[in-house]
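Accompanying notes for the structure given below.
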Amino acid sequence: MIPSIPPIQNPERYSEFNLPREKVEAALNEAFKKVDLGIEHHGFKFPNEYSKNNVYATIENTSGWGNGFWSGILWHAYQLTGDEKYKNVVIGQIPSYTKRITEKIGVNHHDMGFLFSLSCVAAWKLCGNEEAKAAALMAAEHLTTRYRTPGDFIQAWGNVNDPKDNRLIIDCLLNIPLLYWASEVTGDQKYDEMAWKHFNTTISVCCRPDASTYHTYYFDAETGAPVKGVTHQGAFDESAWARGQAWGIYGPMLTRTYKESDGAMQVFKATSSYFLNHLPEDYVPFWDLCFTDGADEPRDTSSAAIACCGMLEALKHMDKADPLYSIFTNAVNRIMNSLIDNYTSKDVPEANGLLLHQTYAKPQGIGIDEMNIWGDYFYMEALHRLVDPDWKLYW
Ligand code: GLY
């Protein structure tokens with residue numbers, strides 16, 4: 001369902017707040033130092049999805065869903081500094097993306113957008129790199145093989161058509177921009193249609209009436225009927241996993257950039273209002289929004305950064321007279337200010353990433369209170385958006 005927008009509780013928490021440009025630029029300068037350290041450690045390879053004691057190990061481009069974030073960080077560093085060394089690293093990585101999708105290495109899942117939008121689509125958009133474009137189009141084609149009918153959604157995990165894996169997850173809202181883009185560059189509408197149907201199916205099942213979200217949703221394999229919402233990385237099935245909620249904030253705005261959908265804007269306003277209503281005092285969420293001040297639980301700073309990217313995108317499309325315009329503007333400033341002041345790695349010399357206190361998967365015991373490469377990416381994207389509101393999306 002398209003939820004109604006919950007009123008902002010305690011709107012004074014989102015009263016006027018200035019985040020000076022110099023502070024954002026200083027944060028970016030600190031980030032570049034960490035990106036340089038990452039390049040020293042990983043060369044043309046990649047950081048693992050999550051750190052151990054705030055140090056990312058180096059991995060090949062053969063598994064997981066995180067490598068695109070590192071390439072994306074390098075693209076931001078390149079655009080912001082003009083220094084070709086960052087571009088040269090990503091260009092050197094492109095053959096590994098081509099090999100991965102051509103030989104279908106570690107791609108039996110839906111995360112083609114996370115992997116290929118920020119690396120290869122960006123390489124195409126920024127440099128006209130034809131190899132990258134071809135790899136991204138192959139990834140889009142591969143993603144279409146996971147489209148399930150009946151049900152009209154992209155199957156997240158497991159072997160395609162396995163009835164026990166007949167579910168979508170809210171995270172996939174950030175994989176479908178790859179499909180919209182594929183339609184744009186090929187003229188073949190099938191990608192766009194699948195993305196749009198998947199978007200609508202996701203919204204219809206994942207958004208609860210109070211604008212919180214389910215992480216995953218199962219469908220009946222025979223009939224395609226929605227069956228039940230279940231969490232995978234959240235605290236419990238009916239809770240709002242912080243990052244899932246953040247995917248439910250930025251995801252609709254990414255669809256909005258391709259589809260000009262009022263429904264997507266309404267979903268964004270609803271999910272982000274819920275998010276803001278559940279932030280603790282320092283504006284940075286715990287790993288599940290059911291926890292608040294005083295909870296002995298880790299944060300997930302990545303959720304804060306993702307939500308800021310969604311709000312910054314939304315502000316470009318909102319009427320300044322909308323009362324939520326100033327709420328979201330000040331929310332971004334307050335959240336980013338808190339991340340910059342309290343959660344970056346600048347005082348941790350060995351840290352080869354950007355943002356501390358992220359949580360990958362608490363129930364599974366993975367990457368808890370560590371750096372996670374996606375949070376680093378979205379922190380960098382949010383900083384880039386703040387210094388350049390006209391930044392053209394890689395998505
Ligand atoms: N897409 C997986 C995650 O957010 O952890």
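Whatever order the structure lists ligands and atoms in, that order sets their numbers, starting from 1.
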Worksheet item: When the aromatic ring centroids of His76 and Trp391 are compared, is their separation below 6.0 Å?
Response: yes

Item to complete: Would you mind checking if Arg100 and Glu60 are paired as a salt bridge, meaning a charged N to carboxylate O distance below 4.0 Å?
Response: no

Worksheet item: Aromatic rings Trp247 and Phe114: how do their planes relate, parallel, tilted or perpendicular, breaks at 30° and 60°?
Response: tilted

Fill in: Short side-chain to backbone donor-acceptor contact, Ser272 and Phe268, under 3.5 Å
yes

Discussion item. What does the 4.0 Å heavy-atom contact list look like for ligand 1?
Written reply: Trp65, Asp171, Gln233, Trp241, Arg243, Trp247, Tyr360

Discussion item. Can you confirm whether Asp293 is buried at CG, in the sense that more than 12 heavy atoms of other residues, nucleotides or ligands lie under 6.0 Å from that atom?
Written reply: yes

Discussion item. Tell me if the NZ atom of Lys99 is crowded by more than 12 foreign heavy atoms within 6.0 Å.
Written reply: no

